[in-house]
Amino acid sequence: MEEKIEQIAGWLMTTERWVVFTGAGLSTESGIPDFRSPGGLWDRYNPQDFDFQNFISSQASRVKYWEMATEMYEPMKQAQPNLAHLAIAEMERLGKLDCIITQNIDGLHFKAGNSAEKVIEIHGTAMHVSCLHCQKRYNRDAIQARIKEGVKAPTCDDCGGPLKPATISFGQPMPEMETQEAYSRSSRCDLFMVIGSSLVVHPAASMPLIAKQSGAKLLIINRDPTPYDDMADIVIHGQAGPTMGNILKKLKQG
Ligand SMILES: [Zn+2]
């Protein structure tokens, strides 16, 4: 382990353009429940209510969706960045971080201090709400306040359209601009670091492959094995927070 950490620190010193790719592992280490895990939130709701087409076509689905989304939002709002988030924020200050591509919707990279232009949220964000008709964006807390007052499925002030958290639901297309940007940056980096993602949700999961094929070094830090472990230059199966903390410490020691 010590050897791997030293090697990663060495590569961070000798490479110039880093892309960091983060997933659910980072969020769970900050205490946000994994909704997909058995016994998780998703077991108590009908997945069909969270399909995008149903959200558009059925008021009952929208009500159910907001019920679940409200339950999901509380722990997200309370969560604080962990050592891995803080290490990634430090990587930005070191000046070689091209971008963070994140599957997470919890806004923790911003809480850790990363700047907006460095973070590509390919699955959207739970911190905002948008109107599905006119795309007007709202602060999430402002809309949650309406729910608290008894509104079941909030609508847009301007056009009356349905409001939905600005996350990407099942059956909803990926945000085109963000996805393109993420692909393009993956192909231009010389170091691609996967932190806390099992790399199973597509198309995001193919980004490390593109980086590797374009000549970047590929590092994977994840609790469990991933389908890309075989092609990675270094794999660490462990917790993101302590591992990233050690890598940054080593990097600063030179
Ligand atoms: Zn609207």
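For ligands, and for the atoms within them, numbers begin at 1 and follow the listed sequence.
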Sidechain N-carboxylate O distance under 4.0 Å for [X], [Y]:
{"X": "K250", "Y": "E2", "value": "yes"}
{"X": "R146", "Y": "E149", "value": "no"}
{"X": "K77", "Y": "D141", "value": "yes"}

Distance-only, no hydrogens or angles: does the N104 side chain make a donor-acceptor pair with backbone N or O of G23 under 3.5 Å?
->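 Yes.
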Taking Y138 for its side chain and D157 for its backbone only, find out whether a donor-acceptor pair lies under 3.5 Å.
->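 Flag set: sc Y138 to bb D157 pair under 3.5 Å.
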Could you tally the protein N/O/S atoms lying less than 2.8 Å away from the Zn ion (ligand 1)?
-> 4
Salt bridge (charged side-chain N to carboxylate O under 4.0 Å, His left out) pairs, two or more places apart, involving residues 210-235 =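 Qualifying pairs: K212-D233.
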